[in-house]
Structures are given as C-alpha cells and as structure tokens.
Amino acid sequence: MAEVKPAAKALEDALALLAAGEVVALPTETVYGLAGDATNGEAVARIFEAKGRPRFNPLIAHVSSLAMAEDIAHIDPLSARLAEKFWPGPLTLVLPLRESAGIHPLVTAGLDTIALRMPRGFASGLIERLGRPLAAPSANRSGRVSATTAAAVAEDLGDRIRLVVDGGPTPVGVESTILKVEDGRLRLLRPGGVTAEEIEAAIGVAVERRDNAAIEAPGMMLSHYAPGAAVRLGVSSLQPGEALLAFGPRRAAGWERAVATKNLSGRGDLREAAANLFSFLKDLDRHGAKTIAVEPIPFDGLGEAINDRLKRAAAPRGEHRD
Ligand code: AMP
Ligand code: MG
C-alpha cells in the first residue's frame, strides 16, 4: 500500500522515487496528479499502467520555471504573455515541442506539440529540485473522478503506487484550462480552473471555444501522430518490402526479409514496449517502407493502450484518427 506522507516531510522521498523512474501522487492547485519524470519512458508508461488507461492520450508536462518551459517548447509572444499572467496557476499552454528537449514521446503521444503548465506549491518545488519536468495526469484510475484529497488518491490508487504526498484538499478542484495559440488566435481546448473571461480580461484577446463535441471529449479529437506507412497488425508472416515492429522473443515468419526491424521489447515486457512505441514507429517510418507489419501484442495491462494506438495507426486514413 502507498505511504501517505504530509508534504512538509515528503520532498526527499518523492525525489528519490522520481529519480528512480517511479511514479508519485502529489498535490497541485487543480487536482492531485500522478507524476513521473517526463524524460523517462518507463516512468511515463508506469503512469498509464497505474491509471489503467486504455489509451495513450498526451499528458501535461509540469515545469517549475519559464526557463524550463523555454527549453522544452517554442513560446510565441502571446503564449509568453499568458504564462506571465497565469503561471504558476491552472493554465496549460499547448506549444510547439523542441526536439532537443528530451521529452519522452509517450508524454506527447508522438505529437510535435506539448501541453505545459507551471503548478504552484509542492509540485513546483519538487520539479525545481529534480531539475526535470514531470508528466502528470490526474491521480485516479481511468474512468473515475479526479482526486482532490490524498485520502481519495490512496483509496483509488493506493495498491498500485508507493507514495501519496498529502498537501491537503486542492484549492481549485478542477483540471487546468488548456489553451493553444494558433496564428495569433487563442483556442480553448479544455475549460478548467481559469475562466475564458479572466483570460480575455487579462490579455485582451478573444478566447475561441471549440465545438461541443471537442469539448466533451478532450484528447479524443486531437490529430494524433500517425505513421506515413500503412500498418498491418497481428502478423505471423512478413510480406516482401515490409518493415517489422516486433514484440517478444519469437519472430514472425520471413522476418529476415524485413526492410528494417525494431523490437518493442525482446523480453516481452509491456511497460518497455509502451515506452518504445512512438519512437520505434517513427524510426521504422523513416525507412520509407510502404507497410509496417506489427507482431501480435497481448491485450493485458498496458497492452490495451498499445493495441489501441496501433489500431488507430492501422485504420484507413480519416477513420479512427482522433
Ligand atoms: P490530463 O489528463 O489532465 O493530463 O489532460 C491531458 C489533456 O491535455 C489531454 O486529454 C489533451 O486534451 C490535452 N493535451 C495534452 N497535450 C496536448 C497537445 N499536444 N495538443 C493538444 N492537447 C493536448
Ligand atoms: Mg483525469
């Protein structure tokens, strides 16, 4: 069971766990977050594993300073003004990712943009000490409501994680507002802790709401990364000219003929496979094969999310491409 520790005493423990690639539940001003080192793929995979998320949607990366944000993303002048006004606070900005940033592709679900936020309080101090950004979705099992107290986190995730940092009830109690600047216009991707009216009053730029469908399903309407190559799933035998995305110790028939091969996890470990998924798809795509053939991947644990992502990559363009 997770240890629940008051924030005033938990900093060193949280640091040690995060540095070791473990996940930690911690308070932010919005809701409790389930945090992992955003530069460590296995740590990010553990977040999805602990939440039992059936799909890889992009996560928010949390920073402790504007300088850290600038190392990670290109910040346009309007986004910079928003950050200046509302950080630290419950506002998340979607920004173009710097490739040099070292953010693990599982954080962004392979996208070339990243959602960034600077939280207040314990989380900020922790990130500063760690010197690396933390990926952190809400600290609850997938499909349950976000936790706003340490007790709620412990009840929901206590058997899956080692430490819950108790910072008392979270003051805002709802998720952050997500904004994206596009061609000098402000698009609201998700309503949250800062209202559109507050943003408009502070910045003098209109906030454009998306249609209802998009707001109902944050993360679902994103144009996710999809390889240029076609994707063929569950292959037991390779066709000429295909690249191979392998899994586990045994190869599909004809694997020697593959244009290129990447094994998500030679030992058949789903956490390792999740961490490798986006970068290996991109690597194979770069070889220019018409088709990426994918060996069967079990559906248990993180396998569900891995198979979900691959199914979307394999769907005819225009379908399943949220
Ligand atoms: P949470 O589960 O609270 O961490 O919220 C994550 C949400 O942030 C996702 O469901 C998306 O709606 C949004 N998000 C994260 N990254 C991006 C991105 N690169 N582009 C657009 N939206 C994003
Ligand atoms: Mg949530």
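Order of appearance sets the numbers: ligands from 1, and atoms from 1 within every ligand. This structure is a prediction, so every number in the text was calculated from the model and none was measured. All heavy atoms count here, side chains included; hydrogens, waters and symmetry mates do not.
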### Message
Is the shortest side-chain heavy-atom distance between L179 and V94 below 4.5 Å?
### Response
no
### Query
Is the shortest distance from a Lys or Arg side-chain nitrogen in E242 or K290 to a carboxylate oxygen in the other one below 4.0 Å?
no
### Task
Show which atoms of ligand 1 fall inside a sub-4.0 Å distance from at least one heavy-atom site of P137.
2 (O), 4 (O)
### Query
If you measure from the Lys or Arg side-chain nitrogens to the Asp or Glu carboxylate oxygens, is any gap between R117 and E29 under 4.0 Å?
yes
### Message
Below 3.5 Å, N or O to N or O, backbone or side chain included: is there any such pair between T113 and ligand 1?
### Response
yes
### Task
Could you tell me whether the Mg ion (ligand 2) has an N, O or S atom of S146 under 2.8 Å away?
no
#### Entry: D166 and K5 ion-paired at < 4.0 Å
no
### Cationic N near anionic O, under 4.0 Å, R129 to E12
yes
### Test item, T108 contacting ligand 1 (heavy atom, 4.0 angstrom)
no
#### Entry: Residue pair S265, E272: steps toward the side-chain hydrogen bond (donor to acceptor under 3.5 Å, both in side chains) verdict
CA-CA 6 Å; S265 172; E272 183 182 25; 2.7 Å; yes
### Query
At under 4.0 Å between heavy atoms, which part of K180 makes contact with ligand 1: side chain, backbone, both or neither?
neither
### Message
I need the atoms of ligand 1 closer than 4.0 Å to a non-hydrogen atom of N57, numbered in the order shown.
### Response
10 (O)
### Query
So which of G110, P58, P96 gets nearest to atom 14 (N) of ligand 1, if we judge by its closest heavy atom?
P58
#### Entry: Heavy-atom gap R53 to ligand 1 smaller than 4.0 Å
yes
### Query
Less than 4.0 Å between a side-chain N and a carboxylate O, is that true for R190 and E175?
no
#### Entry: Per-residue contact class, I178 against ligand 1 - non-hydrogen pairs under 4.0 Å
side chain
### Summary
Numbered in order shown, the ligand 1 atoms found under 4.0 Å of a heavy atom of L189 are 21 (C), 22 (N)
